[in-house]
Protein chains: 4
Amino acid sequence: MARPLSEEKRAAILRAATELVATVGTSAATSQIAKRAGIADGTLFTYFPTKDDLLNQLYLSIKSALAEAIMTDYPSRAGVFERTRHCWDRLVNWGAEHPTQHKAMRQLSVSDRISRNTRDAVNLAFQDINTMIRDNLSRDAADDESAAFVGALITAMSDVTLDCIAAHPEKIDLYRESGFQVFWNGVRP
Amino acid sequence: MARPLSEEKRAAILRAATELVATVGTSAATSQIAKRAGIADGTLFTYFPTKDDLLNQLYLSIKSALAEAIMTDYPSRAGVFERTRHCWDRLVNWGAEHPTQHKAMRQLSVSDRISRNTRDAVNLAFQDINTMIRDNLSRDAADDESAAFVGALITAMSDVTLDCIAAHPEKIDLYRESGFQVFWNGVRP
Amino acid sequence: MARPLSEEKRAAILRAATELVATVGTSAATSQIAKRAGIADGTLFTYFPTKDDLLNQLYLSIKSALAEAIMTDYPSRAGVFERTRHCWDRLVNWGAEHPTQHKAMRQLSVSDRISRNTRDAVNLAFQDINTMIRDNLSRDAADDESAAFVGALITAMSDVTLDCIAAHPEKIDLYRESGFQVFWNGVRP
Amino acid sequence: MARPLSEEKRAAILRAATELVATVGTSAATSQIAKRAGIADGTLFTYFPTKDDLLNQLYLSIKSALAEAIMTDYPSRAGVFERTRHCWDRLVNWGAEHPTQHKAMRQLSVSDRISRNTRDAVNLAFQDINTMIRDNLSRDAADDESAAFVGALITAMSDVTLDCIAAHPEKIDLYRESGFQVFWNGVRP
DNA sequence: CATGAATGAGTGTTCATTCAT
DNA sequence: GATGAATGAACACTCATTCAT
């Protein structure tokens, strides 16, 4: 192998893409992304064959990082409340610590450039969380649609919470708490 | 009426823009919008000086229509529950009846092309609703930010509800009801 | 109509394309063609939706001009020799007078960007000539393939003749005559 | 033989280039040629310093193979007819047996990337054949240009013949014969 | 005021060539 | 010598906007 694909460069591209997608959306130009990543225009395409591939992999990588943040130290044996609380806090903390990734993630999640495949892969990364929701929080444990509804609600409510935290970072504890109250009172079994 | 009058043309442009933004997002080409509105490319720019203007006015007009739908027959003298229920039902019903407008609205609301000014004007259109929220639902009546938080939550939760309804239109009553339960249990005073 | 498509501009584009295709082949850049035609890059595409369209229309227009040059004053009632002679002389004279068009035509005729449709349309323009060949020169009047063989031979031989004339323009009469002798002796009935 | 020696690699590159040039023309990408040759992108350039070099050497090598095919068993002492017939048959048979090489050769012969130098070198490979033409078939034995004219004619006529054979392989004997008749009747002394 | 041709900067992507490994 | 990642100048084509008609 002459020069291995540089993991560093790949990461730089994803980092640059995150920042630009967060700022200007998926219409961020590949040449801008390359420039910000400190590589030549053409190099981007040795790491990601098309812009859509880049966007999809970016979405997957951010979502995976979020899932990992949530599932680390997950208290499997604790009660429903503790486990729900754990997920919520991790989700909100991750968003507050990674506002750029969070913004990019929101832009990508409404984009039609994210494929069915990618969305399926993301669901896989959230499998444990989805299972927990289905078993404990959805109105009807047997109902996939009901679980999806609750899952979408938690995402939407955390997005709102994170927007507020972004606007008033000093009130993070307040918003994290209020958000959880609304969520838990709304969906608790 | 081969050549509609001015106001009709403006409306035709907004209608065409709604459909295209709902379908392909804010990257919809002005020439496509003009074609669908039945006018020449250049004519669009006598009604809206730039594409950003068109997008901003479109957002404002859709949001205003939604606000009007919500506030019509608003039961000012009823109790908090009834008034909240009214708003929620109107919101969800409007979204279910105008899926194209709703989709366009969501695309626009995450776009960076919608200006601070426009967002302020939208808040104005929702002033009555915001006041109701502030006075009845926000944790602290004196706190604007708390009211904004609850307002954003209702929007986010109705978006999720409407997405589910779009996926399973026959379950509209179920989703409208479940969504309201979650919201009301979550935020009731 | 605001400003009608300018026939002059269309002609300028075709002229510029002819010159560049003759020089560098079908890989001539559209931006070079536009520059040589004295228009903006984008304008080219209001006259020809794609580069392939431009190339196909160019081929058709050159071939049509050639067909017209050949068929003008065609002596329908003269004998086979006179008619064959007429076609050959016209073909060679046209090529000698329009060396750029001839070179471009040769480049285009071997290109895979010229569609079946275009080749059919060209055959239509040469219908009379083809008929004459089938009826008088092909070995077997009933055989389309035999006629195509002779038709291809006349083209190939005139190309060679024209190449020689291009190299030694002063010997046009000699080459025109020699070429015809070879052709006529080769294929005469 | 996992890693062929140098000369084999050169041959593999030329073989791959032949196939791709025959298929897609001289715009075949060097990376595609390298891949089909089973070597790395960069390796191609240790054998051929530029793409133009590759194309020129390819043209020369194909033309040389053709010349060799023609001159093998050349009946030097036979009459003009027999010798002419020998050349024609060898030429047509070679083309029918090596359709890919023939197609590549035609693509290359109209390309502006083949240099004056290369064309001169090709003429050298065909020196014996050209001499035969000059001495026996050209209208004026002292005239180089006349010989070149006849040489170009034989090439052009065989190309047409080979195209027809490619379209109807089962009629190879018919076309080889018809083609020769036209040629011989056309140019015989 | 309406029209649509004209503009040219910008887009995602390709590719011959270089050079670090 | 072989490798393939890196380069950046092209490329065909798009599009918001202008302006002659």
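In what follows, chains are A, B, ... by sequence order, proteins preceding strands, each numbered from 1. Everything quoted here is computed from the prediction, not taken from an experiment.
With sequence neighbours excluded, the residues satisfying side chain to side chain contact (heavy atoms under 4.5 Å, CB included) with C:V24 are C:A28, D:D112. For C:K9, the side chain to side chain contact (heavy atoms under 4.5 Å, CB included) partners are C:S6, C:I39, C:Y47, not counting sequence neighbours. With sequence neighbours left out, the salt bridge (Lys or Arg N to Asp or Glu O under 4.0 Å) criterion links C:E7 to C:R10. For C:S115, the side chain to side chain contact (heavy atoms under 4.5 Å, CB included) criterion is met by C:N56, C:N117, C:T118, not counting sequence neighbours. By the salt bridge (Lys or Arg N to Asp or Glu O under 4.0 Å) test, A:R113 pairs with A:D52, sequence neighbours left out. By the side chain to side chain contact (heavy atoms under 4.5 Å, CB included) test, A:S27 pairs with no residue at all, sequence neighbours left out.
Along DNA chain F, the nucleotide closest to A:A40 and the one closest to B:G42 are compared, and the more 5′ of them pairs with A:A40. Where D:R113 and B:D41 each meet DNA chain E at their nearest nucleotide, the meeting point lying more 5' is that of B:D41.
E:dA6 atom P lies 13 Å from atom CZ of C:R10, rounded to whole Å. Distance, B:E8 CD to E:dA2 P: 13 Å, rounded to whole Å. Atom CG in A:L44 sits about 14 Å away from atom P in F:dG8, given to the nearest Å. Atom CZ in B:F45 sits about 5 Å away from atom P in F:dT17, given to the nearest Å. In this structure, CG of B:D53 is placed 13 Å from C1' of F:dA16, rounded to the nearest angstrom. Residue B:F48 contributes atom CZ, which lies 13 Å from atom P of E:dA2 at whole-angstrom precision. Straight-line distance from the CD1 atom of B:I13 to the P atom of F:dA16: 14 Å, rounded to whole Å.
Contact annotation: B:Y47 reaches the phosphate of E:dA2 (side-chain N/O to OP1 or OP2, under 4.0 Å). Phosphate proximity of F:dA6 to A:T46: present, with a side-chain N or O under 4.0 Å from OP1 or OP2. Remark: D:K9 is in phosphate contact with F:dA2, judged by side-chain N or O atoms under 4.0 Å from OP1 or OP2. Between C:K51 and F:dC13, a side-chain N or O to OP1/OP2 separation shorter than 4.0 Å is absent.
Nearest to the side chain of A:L5, among F:dA6, E:dT13, E:dA16, sits F:dA6. The nucleotide whose nearest atom lies closest to any side-chain atom of D:T43 is, among F:dT17, F:dT3, E:dT14, F:dT3. Of the listed nucleotides (E:dA16, E:dT7, F:dT7), F:dT7 has the atom at the smallest distance from the side chain of A:I39.
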Problem - Secondary-structure string, 5' to 3', Watson-Crick or G-U under 3.5 Å, | for another-strand partners, for DNA chain E - result: .||||||||||||||||||||
Exercise for the section: Applying salt bridge (Lys or Arg N to Asp or Glu O under 4.0 Å), run through B:R106 and B:D163 and close with a yes or a no. Expected result: CA-CA 11 Å; B:R106 293 195 69 177; B:D163 283 349; 2.5 Å; yes
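Sorted by first then second residue, the side-chain hydrogen bond (donor to acceptor under 3.5 Å, both in side chains) pairs that include residues 16-25 of chain C, not counting sequence neighbours, are C:E19-C:R36.
Of the possible donor and acceptor atoms, none in the side chain of A:K63 sits under 3.5 Å from a partner among the backbone N and O of A:M105.
When all heavy atoms of C:A12 and C:A37 are compared, the pair lying nearest together is O-CB, 3.7 Å.
Less than 4.0 Å separates DNA chain E from no heavy atom of any residue of residues 23-37 of chain C.
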